[in-house]
Chemist: 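There's a structure below that I have some questions on.
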Amino acid sequence: MQTQYNPKETEDKWYKFWLEQGLFSAKSQTGRKPFTIVIPPPNITGILHMGHALNDTIQDVLVRFKRMQGYEVLWMPGTDHAGIATQNVVEKQLAKQGLKKEDVGRQEFTDRLWKWRQEYGSTIIEQLKKLGASCDWQRIRFTLDEGYSRAVKEVFIRLYKKGFIYRGNYIINWCPRCKTALSDEEAPYKEIDSFLYYINYPVEGEGKYITVATTRPETMLGDTAVAINPDDERYSWLKGKTVILPILNRRIRVIEDRAVDPEFGTGVVKVTPAHDPVDFAMAKRHNLEFINIMDDTAVLNENAGKFRGLDRFEGRRRLLEELEKEGLLKKKVPYKLNAGHCYRCGTIIEPRLSLQWFVKMKPLAEPAIKVVEEGRVKFYPRRWKKVYLNWMNNIQDWCISRQIWWGHRIPVWYCANCYDKNSGSDKGIVVSLDKPAKCPFCGADNLSQDKDVLDTWFSSWLWPFVTLGWPDKTKDLEFFYPTDALVTASEILFFWVARMIMASLEFMKDIPFRDVLIHGTVRDEKGVKMSKSLGNIIDPLEIIEKFGADALRFSLMMLASTGSDVFLSDEKFMVGRNYSNKIWNAARFIITNLEKNGFGASQYRISEYAKDFNLADKWILQELSLLISEAGRNLDKYRINDYAKSLYEFFWHKFCDWYIEIAKVSMDTVRCNVLFFVLEKFLRLLHPVMPFISEEIWQKLNKFADIGKSIVIAKWPKQEYNNFFDEKEIFDNLKDLIISARSFTRYLGIQGKPEFVFDSPDPDKLKTLVANLDWVKKLLKAEILKMPVKGTSFVLLPGCGFDIYLLTGKISNISEYKDKIKTKTGKLKKRIFSLSTKLSNPGFLQNAPEEVVSNAKESLAALKAELERIEKIKWG
RNA sequence: GGGCGCAUAGCUCAGUUGGUUAGAGCGCAACGUUGACAUCGUUGAGGCCAGAGGUUCGACUCCUCUUGCGCCCACCA
């Protein structure tokens, strides 16, 4: 074996082996209990980033753990068609040829999309395999595959028939670049630096002006009123008056509405019903006219008069010039404006009046609120429950139609003969899976399908049950549903998680999953969210290339405490790299010694050797046993970082630093048994987080004794030796002794081999020490002389239960050490004082539990004894 | 404006129902190739647990307020 672990030689090899052996495949008919996780389907346009690495490693750890516990485990993989994102990619491709999607037409464009998906759509899946993800790849699904499409249509139809889907003219978020509607969730608000413009509108017949304030002056071209608050006395004179809209010279009414905040701006609001949601609501209340002044690319249209054909921002500039010329622009002040931005391309949203499909959310939300309130669906960390409920209680209807071409086409047909767009009636509208032969209203056979497609989330929200076969009643659905855990980032709590709960309750009459694990966001060192456009990403594949997948996985799990954000830099991954190297080298040492000792299957009989165990053997077996229970407990509670930390601590700082060092003193068959046993059990505990290196070493151990085909299907270890030994305290005493003595020699600047004399007031401790003198000497790199003390010596801090004398011949800096002892004595006295005060407090004696009191008494006695001994030090 | 969080070592975080001297990793300093590992070992320095009150025999932990920071929701043009 090489002195350094080389992940490249192991990772692909074992991954291939696992696939060939079919170790990740799940069957719905077994006698075992199921454990199911559905993957949050990555976008087909996606490439693996750190967010995925974090998200999918967590899932893989859980899934591998459960598999070892004997569950029938299904990790359901798949990808999301990601409507706008994918369309943008292919549009860009076309643009390189100087083409727009309209140039090639809908059919050709969607053909190209499918081709693109064929070619690049599973990049991320291949990358997930590099990471070690143990999904059941044979079951892979796509949100736009045939069965899925059927399910999506089915859902639309059922909801429509139930009256939960409606169509209407509303102000929606419009992205003029993607030319589509966006849901509220897809148009996050961001602050931008802008201006608040104060514009004068002449009041008819009064010879004076009123001033309105606006951030989007160009929208004034669509104004159909000016509004004041009815209680605002400053403007009571305006009531019932008419105002002249500058530039266009349109006569518009003054209306009174309580939506107007007298405190903001001037207290007078221009009302643009077709371009602002608040104004839209006001217009409905006051029967105003709706004037649309822009086309679908936010270019001003014929209603904008002479500004027709200008882009909205250019139009704004020209309009302001004009106003200034006429002296109507009173002032402009810098203003921080919250504007919606397209979550895909970042373009500023234009609120726009248009006809869209919506889902009524209130009735769907009610049961989804209930299951979370009742704890049938649990959030980890718990605080997300409140966030969820808060959002669900204020839920808004969901705009689900998108004016793009890539996605599930809305299963609605319109009759060319009897459907009237402006009537608002359902006449001539047919909702059905397939194209109806003729119109059920008038019998005409000229029907055409709605041009829009559905929001991508309208398919993703069905993910947990459609992937298992819905709407058919499949065995998979029966066996694997509901799923157990859902692992996701907080960003898509509302987009996805909440909606899955709603959809599942509606269509499955059951929850989609029991536990929702919400992990943090991946950020760079400075705390900035990693994103491609900022150029601060760390590519997981590069890390895998440099350090190995196990190192990446372990580092992430170690750093990601439940739910908190993860700050990453290249160096952070050295934790995992160094750890895998440590494991590799310890294994190398053990394997070399197994060979040297001729260790084989016939020697592997650990229980028979139990009578020969020394103190260190017993101690490490007990520590292992504690680790087994701790690791399992932490994974059960989804405390994956605690699980990783306990592995790290055990292997490095207990097994390597102490046990292996001690074992070197008496390397024989008994030691080989313990080393083999501990390493083999440890590898199983390690496997969920570091699957590759654990398999590699496992297979090497397999040559000494038959332990199984693959670690993937090995059993999670039980606490076989937990009641075997209880030597921890005794062993820890010797550890303390060694640590104290080492510290001692360092302080005194001893050259060469120190010579110690040990003593203890406790004869049992002294006996243990004598029995283990061999390795204590070795670890101290010292000579240990027998009692009684002869010649000149002085005492080290006791406190470890032993007195340590050191012959003073080789000591160079006693005065420094005397200072150290002095401060130590000071601290001791302080503690003795505070403890005594505490123990003389009647309140403490009365109220504190007996154990606490007796502990305090004990430590006071110990401290006093320690002080006494220090004071008796004979300074050479 | 409403809601939810966070504040512990230079950095990133643990600290489980309040109970002796608050821990780890990284970083830093000094020393060190003793039979796996320098991707290593040994030792060490470093904390008024954000501030102020309160509850308690006892508070990093519970309550209130203050300050600073973060996230989510919402129609202040």
Side-chain angles (χ1 to χ4, degrees), chain A residues 1 3-5 171 184 188-189 196 212-216 219 227 259-261 263-266 268-272 276-282 337-338 351 381 383-387 389-391 394 396 490-491 493-494 521 525 527 547 551 558-561 563-569 571-572 574-575 577-593 637 639 641-642 645 648-649 653 656-657 660-661 664 667 739 742-747 749 778-779 781 827-828 830-831 834-835 838 841-849 851-853 855-856 858-860 863:
Chain A
M1 287 169 78
T3 59
Q4 285 182 5
Y5 173 57
I171 296 278
D184 291 341
Y189 278 87
L196 192 56
V212 298
T214 179
T215 53
R216 294 186 296 150
T219 60
V260 179
D261 176 4
E263 304 294 316
F264 188 86
T266 58
V268 186
V269 186
K270 58 190 272 312
V271 183
T272 320
D276 186 280
V278 184
D279 295 1
F280 175 80
M282 272 197 265
L337 168 75
N338 262 333
R383 64 190 144 93
W384 289 105
K385 176 176 175 174
K386 289 181 198 160
V387 179
L389 290 175
N390 187 269
W391 187 76
N394 298 296
Q396 304 294 316
S490 57
E491 282 97 328
L493 184 62
F494 306 134
T521 307
E525 259 176 315
F547 300 141
M558 190 86 163
L559 293 167
S561 47
S564 62
D565 287 355
V566 194
F567 297 77
L568 293 175
S569 61
E571 299 97 75
K572 293 274 177 80
M574 302 228 273
V575 185
R577 192 269 311 254
N578 295 354
Y579 187 51
S580 52
N581 197 54
K582 187 76 182 176
I583 294 167
W584 178 256
N585 273 293
R588 186 161 72 97
F589 174 79
I590 290 168
I591 286 168
T592 312
N593 278 285
K637 286 193 286 188
R639 301 193 61 136
N641 66 319
D642 286 342
K645 275 181 187 161
Y648 188 85
E649 167 70 16
H653 297 305
C656 291
D657 288 355
I660 292 185
E661 290 309 316
K664 285 174 182 173
M667 189 58 75
I739 290 165
R742 278 171 180 163
S743 169
F744 194 29
T745 29
R746 288 304 299 265
Y747 253 95
K778 167 109 195 310
L779 266 64
K781 287 174 241 163
K827 275 186 197 163
L828 264 181
K830 239 169 127 183
R831 282 205 52 224
S834 80
L835 262 182
K838 192 180 220 180
N841 181 343
F844 175 69
L845 296 172
Q846 222 168 46
N847 298 319
E851 206 191 323
V852 175
V853 177
N855 279 348
E858 262 174 50
S859 31
L860 182 60
L863 290 172

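Just so it is clear, the model here is predicted, and its values are computed rather than measured. Chain identifiers are assigned alphabetically (A, B, ...) following the order of the sequence lines, protein sequences preceding nucleic acid strands; residue numbering begins at 1 within each chain. Reckoned from all heavy atoms, side chains included, excluding hydrogens, waters and symmetry mates.
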Chemist: What is the distance, rounded to the nearest whole Å, between atom CD of A:E571 and atom P of B:G27?
Modeler: 9 Å
Chemist: Judged by each residue's nearest nucleotide on RNA chain B, which is more toward the 5′ side, A:M574 or A:R577?
Modeler: A:M574
Chemist: Name the pairing partner of B:G35, where a pair is Watson-Crick or G-U wobble with both distances under 3.5 Å, or state none.
Modeler: none
Chemist: How close do A:D276 and A:V278 get, heavy atom to heavy atom, and via which atoms?
Modeler: OD1-N, 2.8 Å
Chemist: With hydrogens left out and only the distance checked, is there a donor-acceptor pair under 3.5 Å joining A:R831's side chain and the base of B:U21?
Modeler: yes
Chemist: Looking only at the side chain of A:I739 (C-beta and beyond, no hydrogens), which of the listed nucleotides B:A74, B:G41, B:U43 gets closest?
Modeler: B:U43
Chemist: Could you tell me the separation between the CG atom of A:N578 and the P atom of B:C26, rounded to a whole number of Å?
Modeler: 8 Å
Chemist: Ignoring hydrogens and angles, are the base of B:A36 and the side chain of A:E661 linked by a donor-acceptor pair under 3.5 Å?
Modeler: yes
Chemist: What closest approach, in Å, do A:R216 and A:P351 show between heavy atoms, and which atom pair accounts for it?
Modeler: NH1-CD, 3.4 Å
Chemist: Roughly how many Å is it from CG in A:N585 to C1' in B:C40, rounded to a whole number?
Modeler: 9 Å
Chemist: Check for a donor-acceptor pair, side chain of A:K572 on one end and backbone N or O of A:F567 on the other, with a separation under 3.5 Å.
Modeler: yes
Chemist: Distance check needed: B:A14 P versus A:E649 CD, whole Å only.
Modeler: 17 Å
Chemist: Taking pairing as Watson-Crick or G-U wobble with both contacts under 3.5 Å, can you name the mate of B:U20, or confirm there isn't one?
Modeler: none
Chemist: What is the distance from NZ of A:K386 to P of B:G3, rounded to the nearest Å?
Modeler: 12 Å
Chemist: Could you check which nucleotide pairs with B:C69 in any of the strands shown, counting Watson-Crick or G-U wobble with both distances under 3.5 Å?
Modeler: B:G5
Chemist: Using both distances under 3.5 Å as the test, list the Watson-Crick or G-U wobble partner of B:C49, or none.
Modeler: none
Chemist: Select from A:F494 and A:T214 the residue whose nearest nucleotide in RNA chain B is closer to the 5' end of that strand.
Modeler: A:F494
Chemist: Take the protein atom NE2 of A:H653 and the nucleotide atom C1' of B:C40, then report the distance between them rounded to whole Å.
Modeler: 12 Å
Chemist: For A:Q846, report the nucleic acid contact type (base, sugar-phosphate, nothing); a contact means any heavy atom under 4.0 Å.
Modeler: nothing
Chemist: Which nucleotide in the list B:A14, B:A74, B:G19 gets nearest to the side chain of A:K645?
Modeler: B:A14
Chemist: Rounded to the nearest 0.5 Å, what separation is found between the OG1 atom of A:T3 and the CZ atom of A:R588?
Modeler: 5.5 Å
Chemist: Rounded to whole angstrom, note down the C1' distance from B:G23 over to B:C60.
Modeler: 12 Å
Chemist: Could you tell me the Watson-Crick or G-U partner of B:G58, where both distances fall under 3.5 Å? Say none if there is no partner.
Modeler: none
Chemist: Could you tell me if the side chain of A:T219 sits less than 4.5 Å from the side chain of A:K270, heavy atoms only?
Modeler: yes
Chemist: Using Watson-Crick or G-U wobble geometry with both distances below 3.5 Å, tell me the partner of B:G44, or none.
Modeler: B:C28
Chemist: Please say whether the positively charged group of A:K582, taken as NZ for Lys or CZ for Arg, lies over the ring of A:Y648, i.e. under 6.0 angstrom from the six-membered ring centre and within 45 degrees of the axis.
Modeler: no
Chemist: Do the side-chain N or O atoms of A:R746 get closer than 4.0 angstrom to the phosphate oxygens (OP1, OP2) of B:A45?
Modeler: no
Chemist: Does a nitrogen or oxygen in the side chain of A:S743 sit under 4.0 Å from OP1 or OP2 of B:G44?
Modeler: yes
Chemist: Send over the distance from A:L835 CG to B:U20 C1', rounded to a whole Å.
Modeler: 6 Å
Chemist: Could you tell me the separation between the CG atom of A:L493 and the C1' atom of B:C4, rounded to a whole number of Å?
Modeler: 12 Å
